[in-house]
Chemist: 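Take a look at this one; I'll ask things after.
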Amino acid sequence: MTFADLVFTGGAVFTATGSEPTHGSVAVTDGRIVAVGSDASSDAVVNELVGPDTEVIDLGGKLLIPGFQDAHVHAVWGGLDLIRCDLSEDSTRDEYVARLSNYAAANPELEWILGGGWNMAAFPGGTPTASDLDLAVADRPAFIPNRDGHGAWVNSRALELAGITADTPDPADGRIERDADGNPTGTLHEGAMSLVNTLLPETSPEDYARALLIGQKYLHSLGITAWQDAILGGYGDAGDATPTYMAAAQSGELTARVVGALWWDRTRGPEQIPELVMRRDKNAAGRFAATSVKVMQDGVAENFTAAMLEPYLDGCGHHTDNSGISFVDAAQLISNVTELDALGFQVHFHAIGDRAVRECLDAVEAARAINGPNDNRHHIAHLQVVHPDDIHRFAELGVTANLQSYWAVLEPQMVDLTLPFLGDPRSSWQYPWGDLHRAGTHLASGSDWSVSTPDPMAAIHAAVNRIAAPGHEEGEYDAFLPEQSLDLLTAMTAYTAGSAFTNHLDETGTIELGKLADLVVLDRNPFAGAAADIGRTRTEQTFVEGERVYRAPAQP
């Protein structure tokens with residue numbers, strides 16, 4: 001008789017197949033699930049597989065789940081932030097300046113001061129100034145992207161090196177923040193970041209490799225066993241991490257399963273498609289494959305670059321002449337997506353504003369009409385503002401809604417920098433998870449780390465409660481559009497089976513016979529507790545193909 005390598009028993013099992021957790025047991029052999037028990041007789045079958053060398057994990061009433069899968073994350077960028085000047089734990093101007101000052105003093109050899117993670121809500125109008133950053137570092141240039149990666153804080157030396165003055169025109173896909181006289185003040189939005197980041201020193205292969213392994217370790221500690229890296233290519237200051245993933249996959253250091261989304265260069269057109277095909281063909285090894293294409297269709301609402309059907313309001317509630325930026329012309333987007341779809345690519349769209357969402361849906365609809373149905377599993381991430389007329393189209397077109405639920409709460413950035421400029425009724429169209437679910441939309445989930453925490457349970461807490469998870473609050477606020485909440489079963493399924501489907505990782509995502517044993521032990525069963533405590537749930541152990549990749553430190 002062949003005994004199991006690993007057996008989980010004595011707790012609840014969430015299979016992500018449509019029902020809430022029940023008492024159960026699971027056996028694993030050679031990296032696959034070979035038995036699942038849900039009653040006394042099937043438990044006995046699992047117990048018969050316990051041999052002298054079987055590792056038996058007594059769940060002690062805790063919960064076993066399929067590994068979380070993050071359908072939109074920047075793991076290498078997040079790792080780079082962790083090894084540079086990471087501002088994500090701070091929240092005020094003075095804290096940012098102090099941390100940057102200390103970092104610059106501790107690293108006198110660095111030609112540039114790099115880092116990231118500042119919150120727009122910490123500064124008036126969401127725009128810090130070069131003079132603020134000069135307080136921390138004036139002797140060298142500094143380039144510090146914000147948490148969402150759609151803007152950067154630069155100091156006076158960086159502006160000087162880039163030759164940015166009052167006479168410098170805004171690029172077509174971005175904006176230089178200016179004072180009343182037109183002088184640059186120190187914040188660069190969207191494509192304007194390229195005026196400086198092209199000057200940055202190249203990140204070494206060693207730093208990329210270190211960043212990936214640090215990021216992977218962190219994600220495993222949160223129960224994440226697979227993800228889709230949402231940008232592989234020349235965006236921002238991070239360069240292309242594709243070679244880093246390939247090296248780690250070939251060496252065996254990549255313990256997660258990773259789908260890479262190849263960056264669509266919005267400054268170019270369809271002539272780049274043969275290059276994308278070549279990159280897809282040559283970049284597949286081990287647990288890594290670059291099979292998706294990332295199209296960023298618009299910016300973000302806080303800097304007024306998210307593409308809206310109607311113009312933004314000004315601070316007095318009047319319409320402006322700005323309705324945001326569609327980075328790819330709508331007609332060209334249809335043509336590009338149709339060709340990518342025909343070539344078997346999955347398209348991973350970024351769409352924040354309602355116009356961008358509609359343009360992405362229109363592109364998929366056109367591709368379907370020309371190419372017919374297929375299994376490419378296109379998905380739209382973020383979906384901050386979705387016009388009610390477009391809700392039903394997701395299910396009809398087979399487009400997955402890729403949710404960043406952590407953002408679907410009231411907090412300073414929403415209250416101060418978004419709601420006043422959207423106005424009614426658009427403010428009520430934000431993050432419509434409930435409507436999408438009721439319309440039959442397939443749901444996946446992700447974090448967009450390092451934009452925000454990659455903790456799946458914090459995001460799931462927000463999806464269910466529409467209030468920030470414990471420890472993540474930035475003030476006391478009511479639930480944000482609670483009619484758009486998801487039940488816990490739906491939210492947990494989106495972050496496991498839902499994302500696995502989107503990632504084409506069909507041998508994972510559920511606990512079923514024959515599936516790969518990508519499994520996570522949580523320290524409690526959130527289904528058995530209060531909804532207000534969902535976000536307190538922590539990961540105790542993470543397994544990929546039955547091999548432990550994370551164990552929480554022993555508690556005193």
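The model shown is predicted, which means the values in this text are computed figures rather than measured ones.
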Chemist: Going by distance alone, is a donor N or O of one side chain under 3.5 Å from an acceptor N or O of the other, for Asp86 and Ser88?
Modeler: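 Present: a donor and an acceptor within the cut-off.
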
Chemist: Check Ser485 against Arg466 and note the closest heavy-atom contact, atom names and distance.
Modeler: CB-CG, 3.9 Å

Chemist: So Tyr495 and Leu403, do their side chains get closer than 4.5 Å, heavy atoms only?
Modeler: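 They are not in side-chain contact.
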
Chemist: For the side chain of Glu275 and the backbone of Ile273, is there at least one donor-acceptor N/O pair under 3.5 Å apart?
Modeler: no

Chemist: Grab the two heavy atoms, one from Leu262 and one from Ala290, that are nearest each other, plus how far apart they are.
Modeler: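 In this case the closest contact between Leu262 and Ala290 is CD2-CB, 3.8 Å.
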
Chemist: Is a donor on one side and an acceptor on the other found under 3.5 Å between the side chain of Ser499 and the backbone of Ser445?
Modeler: yes

Chemist: Compare every heavy atom of Ala27 with every heavy atom of Val46, then report the nearest pair and how far apart it is.
Modeler: CG1-CB, 4.1 Å

Chemist: Mind checking the OG1-CG spacing from Thr441 to Leu397? Nearest 0.5 Å is all I need.
Modeler: 10.0 Å

Chemist: To the nearest 0.5 Å, what is the distance between CG on Leu87 and CG on Leu100?
Modeler: 5.0 Å

Chemist: Counting distance only, does the side-chain N/O of Asp518 pair as donor-acceptor with the main-chain N or O of Gly67 below 3.5 Å?
Modeler: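 Not at all, since once roles are kept as given, no pair shorter than 3.5 Å links the two residues.
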
Chemist: Please say which of Leu340, Val347, Ile231 ends up in a side chain to side chain contact (heavy atoms under 4.5 Å, CB included) with Trp264.
Modeler: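 The residue from Leu340, Val347, Ile231 that satisfies side chain to side chain contact (heavy atoms under 4.5 Å, CB included) with Trp264 turns out to be Leu340.
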
Chemist: Would His379 and His442 count as a close aromatic pair, with their ring centres under 6.0 Å?
Modeler: no

Chemist: Quick check: His348 with His350 (ring centres under 6.0 Å apart)?
Modeler: no

Chemist: With a 4.5 Å heavy-atom cut-off, do Leu488 and Phe527 have their side chains touching?
Modeler: yes

Chemist: Using the side chain to side chain donor-acceptor pair (under 3.5 Å) rule, pick out the option among His72, Lys294, Gln346 that qualifies with Gln228.
Modeler: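 The single option meeting the side chain to side chain donor-acceptor pair (under 3.5 Å) with Gln228 is Gln346.
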
Chemist: Does the pair Asp240/Arg279 count as a salt bridge with the N-to-O cut at 4.0 Å?
Modeler: yes

Chemist: For Trp407 and Ser452, what are the C-alpha separation, side-chain angles and deciding distance, and is it a side-chain contact (heavy atoms from CB on, under 4.5 Å)?
Modeler: CA-CA 8 Å; Trp407 304 344; Ser452 49; 2.9 Å; yes

Chemist: Donor-acceptor pair, distance only, cut-off 3.5 Å: does the side chain of Thr225 make one with the backbone of Val544?
Modeler: no

Chemist: Just so I know, are the side chains of Thr203 and Arg84 near enough to count as touching, which here means a heavy-atom distance under 4.5 Å?
Modeler: yes

Chemist: I need the full list of ring-ring contact (aromatic ring centres under 6.0 Å, His included) pairs touching residues 279-300, with sequence neighbours left out, sorted by first then second residue.
Modeler: Tyr245-Phe288

Chemist: Does a donor on one side chain and an acceptor on the other come within less than 3.5 Å for Ser91 and Glu474?
Modeler: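 Side chains of Ser91 and Glu474: no pair found under 3.5 Å.
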
Chemist: Using modelled atom types only, decide if a donor and an acceptor are shared between the side chain of Trp118 and the backbone of Pro145 within a distance under 3.5 Å.
Modeler: yes

Chemist: Quick one: closest heavy-atom pair of Met492 and Ile460, and the distance?
Modeler: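 That closest heavy-atom pairing would be SD-CD1, 3.5 Å.
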
Chemist: Quick check: does any side chain N or O of Asn146 sit under 3.5 Å from a backbone N or O of Met120, one acting as donor and the other as acceptor?
Modeler: no

Chemist: Salt bridge between Arg99 and Glu89, side-chain N to carboxylate O under 4.0 Å?
Modeler: no

Chemist: Distance check, rounded to the nearest 0.5 Å: Thr493 atom OG1 versus His437 atom NE2?
Modeler: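 Reported value, rounded in 0.5 Å steps: 9.0 Å.
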
Chemist: Can a donor-acceptor pair be found, under 3.5 Å and without considering hydrogens, that links the side chain of Asn374 to the backbone of Gly344?
Modeler: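 No, because the side chain of Asn374 does not come within donor-acceptor range (under 3.5 Å) of the backbone of Gly344.
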
Chemist: Evaluate whether atom CD of Glu547 has more than 12 neighbouring non-hydrogen atoms of other residues, nucleotides or ligands under 6.0 angstrom away.
Modeler: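 Check fails, neighbour count at 12 or below.
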
Chemist: Indicate yes or no for a side-chain donor-acceptor contact from Tyr431 to the backbone of Val409 under 3.5 Å, with no hydrogens or angles considered.
Modeler: no

Chemist: In Å and rounded to the nearest 0.5 Å, what is the CG to CG distance from Leu443 to Leu486?
Modeler: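 One gets 6.5 Å once the value is rounded to the nearest 0.5 Å.
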
Chemist: Can you confirm whether the side chains of Thr242 and Asn283 place a donor and an acceptor under 3.5 Å from each other?
Modeler: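 Judged by distance alone, the side chains do not pair up.
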
Chemist: Can you confirm whether Glu512 sits close enough to Thr15 that some side-chain heavy atom of one is under 4.5 Å from a side-chain heavy atom of the other?
Modeler: no

Chemist: Indicate yes or no: at least one non-hydrogen side-chain atom of Lys62 is less than 4.5 angstrom from one of Gln541.
Modeler: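 Result no, sub-4.5 Å side-chain heavy-atom pair not found.
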
Chemist: Are any of the side-chain heavy atoms of Phe501 and Arg377 separated by less than 4.5 Å?
Modeler: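 The answer is yes; the side chains approach within 4.5 Å.
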
Chemist: Tell me, do Arg257 and Leu516 make a side-chain contact under 4.5 Å, heavy atoms counted?
Modeler: yes

Chemist: Can you tell me if Asp533 uses its side chain to pair, donor with acceptor, with the backbone of Arg536 under 3.5 Å?
Modeler: no

Chemist: Looking at side-chain heavy atoms only, is the closest gap between Asp5 and Glu55 below 4.5 Å?
Modeler: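 No, side chains not in contact.
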
Chemist: Given side-chain contact (heavy atoms from CB on, under 4.5 Å), test Leu219 with Gln216 step by step and report yes or no.
Modeler: CA-CA 5 Å; Leu219 294 174; Gln216 176 176 254; 5.8 Å; no

Chemist: If you compare all heavy atoms of Ile511 against all heavy atoms of Ile65, which two are closest, and at what distance to 0.1 Å?
Modeler: CD1-C, 3.7 Å

Chemist: State, to 0.1 Å, how close Ala500 and Gly509 come at their nearest heavy-atom pair, and which atoms those are.
Modeler: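 Nearest pair, atom of Ala500 first, then Gly509: CB-CA, 3.7 Å.
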
Chemist: Rounded at 0.5 Å granularity, tell me how far OG in Ser221 sits from CG in Asp455.
Modeler: 8.5 Å

Chemist: Whether the side chain of Asp70 engages the backbone of Ile224 through a donor-acceptor N/O pair (distance < 3.5 Å, no angle test) should be reported.
Modeler: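 No: the side chain of Asp70 does not pair with the backbone of Ile224.
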
Chemist: Please walk me through it: do Asp229 and Trp77 pass side-chain contact (heavy atoms from CB on, under 4.5 Å)?
Modeler: CA-CA 10 Å; Asp229 194 304; Trp77 292 6; over 6 Å; no

Chemist: Suppose we screen for side-chain hydrogen bond (donor to acceptor under 3.5 Å, both in side chains). Which residues come up paired with Asn102, at least two apart in sequence or across chains?
Modeler: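 Partners of Asn102 by the side-chain hydrogen bond (donor to acceptor under 3.5 Å, both in side chains) criterion come out as none, since no residue qualifies.
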
Chemist: Would you check, one step at a time, whether the test side-chain contact (heavy atoms from CB on, under 4.5 Å) holds for Val258 with Arg287?
Modeler: CA-CA 6 Å; Val258 180; Arg287 291 173 173 151; over 6 Å; no

Chemist: Checking side chain to side chain donor-acceptor pair (under 3.5 Å) between His220 and each of Thr539, Thr255, Thr542, which is the one that passes?
Modeler: Thr255

Chemist: Out of curiosity, Trp433 CH2 to Gln404 CD, how far, rounded to the nearest 0.5 Å?
Modeler: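 Here the rounded value is 6.5 Å.
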
